Amino acid sequence: WKNEPQRTLAEWQTLSGKDANSRFGDPLFRDAGSGDLHVRYRSPAVDHGVASSVTVDLDGDSRTGGTPDIGADEWTGTGRTPITIYVDKDATGGGTGVSWTDAFTTVHAGLALAQDEDELWVAEGKYLSSATNDREASIQMVEGVTLLGGFTGTESNREDRNPTAHPTILSGDIGVEGAMEDNAIHVVKGADFAVLDGVTIEAGNAVHREDHARMKGAGMINEAASPTVVNCIFRGNYAENRGGAIYNCEGSSPDIRNC
C-alpha cells in the first residue's frame, strides 16, 4: 500500500480501507478434488459477500439479500444446522459430545452421532480402531463429515489447533502393544465428501491368510469412496500386497494434500 508491502490481508484492509469483505482461509468447498465447488456451512465465504444485482447463484438458488456468500454458490442449508462434536479420550464429563467437558472419549462414538456437514474436533492422544481387539473393525468415516485433529481440548476456534504440537493419533495397535501381528487390518475407511484433517494414522497391518482384499490399505482404505485427506501423517503401516498407507479401489479418487 503506497509502495509499502503488507504481509497480511488484515494489514492491507486496515491501511487501505479496501476489501473489507475479503476473507483469507480455506473456502471449504464440498469436494474440490472432483470439481464440486459448493461451499460448506462453515466456509468463510458464507454471508461475507456484498449485495449486488445478481439474485441467484450458479444453481439458481436465491442469494441472501444484504450479505450473500462470496463466490458463485450460496449455501442454502441441509434442513438442519450442522454441529460440532467433541472427542477427548481424557474427558470425564457427561459423554454427550456437546462440549470439551462432556466430550465423547472415542472417535467411534462421535462418528456415530455425526451427520452431513458436522465436524468432529478430536483432542490430542491415541484413539484405537477397535475397543475389542477386533482386527476387522475400523474407524469408518461418515459421508460429508469433517474430522479434525490437533486440539488440546480447550479451543473454541478450529484455527487454534496445532496438529504438530498436539498430535491426534488414529491407531491400529489394538492388541499387544507394539506387536504388529494382531493389529487392525484397516485403521480408517473413507467415505464420500468426508474430510480427514490433521491426524496421524499408524499401526495398520493389512495381512490376512485367506482374503486377498484384506492385504491392502493398512492405514486407510477407500472402497468406492473419495474423501479429502489433508495435513495427515501415515506411519508404521504395513500391507502384504499394496497400499501400506492408503489403498483406493472401486473408482475411488480421494483428494490428498500435504500428507
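This structure is a prediction, so every number in the text was calculated from the model and none was measured. No hydrogens, no waters, no symmetry mates; every other heavy atom, side chains included, goes into these values.
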Salt bridge (charged side-chain N to carboxylate O under 4.0 Å, His left out) involving E119 - partner list, sequence neighbours excluded: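 Partners of E119 by the salt bridge (charged side-chain N to carboxylate O under 4.0 Å, His left out) criterion, ordered by chain and then number, come out as R42, R158.
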
Members sharing I169's hydrophobic cluster (side chains within less than 4.5 Å):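 Its cluster mates, by chain and number: none.
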
Closest contact, heavy atoms only, V229 versus C259: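 In this case the closest contact between V229 and C259 is O-SG, 3.7 Å.
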
Least distance between heavy atoms, S226 atom then G251 atom: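 Closest approach of S226 to G251: OG-O, 4.3 Å.
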
Among residues two or more places apart or on two chains, list those pairs meeting side-chain hydrogen bond (donor to acceptor under 3.5 Å, both in side chains) that have a residue in [range].
range: residues 133-145; answer: E136-R214
range: residues 162-184; answer: E124-H166
range: residues 249-259; answer: N231-N258, D255-R257

Partners meeting ring pair (Phe, Tyr, Trp, His ring centres under 6.0 Å) with Y86 (sequence neighbours left out):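 Ring pair (Phe, Tyr, Trp, His ring centres under 6.0 Å) list for Y86, sorted by chain: W100, W121.
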
F104 side chain reached by I85 side chain, heavy atoms, under 4.5 Å: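 With C-beta onward as the side chain, the pair touches.
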
Residue pairs, two or more places apart or on separate chains, that pass salt bridge (charged side-chain N to carboxylate O under 4.0 Å, His left out) and touch residues 43-61: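 Output for this query is empty, none listed.
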
Pairs meeting criterion salt bridge (charged side-chain N to carboxylate O under 4.0 Å, His left out) with involvement of residues 191-203, two or more places apart: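 Sorted result for residues 191-203: K126-E202, R161-D197, E202-R235.
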
Sequence-distant partners of S53, side chain to side chain donor-acceptor pair (under 3.5 Å), two or more places apart: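 Checked S53 against side chain to side chain donor-acceptor pair (under 3.5 Å); zero matches.
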
For T101, all residues meeting side chain to side chain contact (heavy atoms under 4.5 Å, CB included), sequence neighbours excluded: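 Listed in chain order: S99.
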
Which residues share a side chain to side chain contact (heavy atoms under 4.5 Å, CB included) with P68, sequence neighbours left out: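 For P68, the residues satisfying side chain to side chain contact (heavy atoms under 4.5 Å, CB included) (neighbours in sequence not counted) are R63, E74.
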
Separation between CD1 of I139 and CG of L128, rounded to the nearest 0.5 Å: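 It comes to 8.0 Å.
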
Where at least one partner belongs to residues 215-250, residue pairs that pass ring-ring contact (aromatic ring centres under 6.0 Å, His included), sequence neighbours excluded: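 Applying ring-ring contact (aromatic ring centres under 6.0 Å, His included) to every pair that reaches into residues 215-250, excluding sequence neighbours, yields nothing.
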
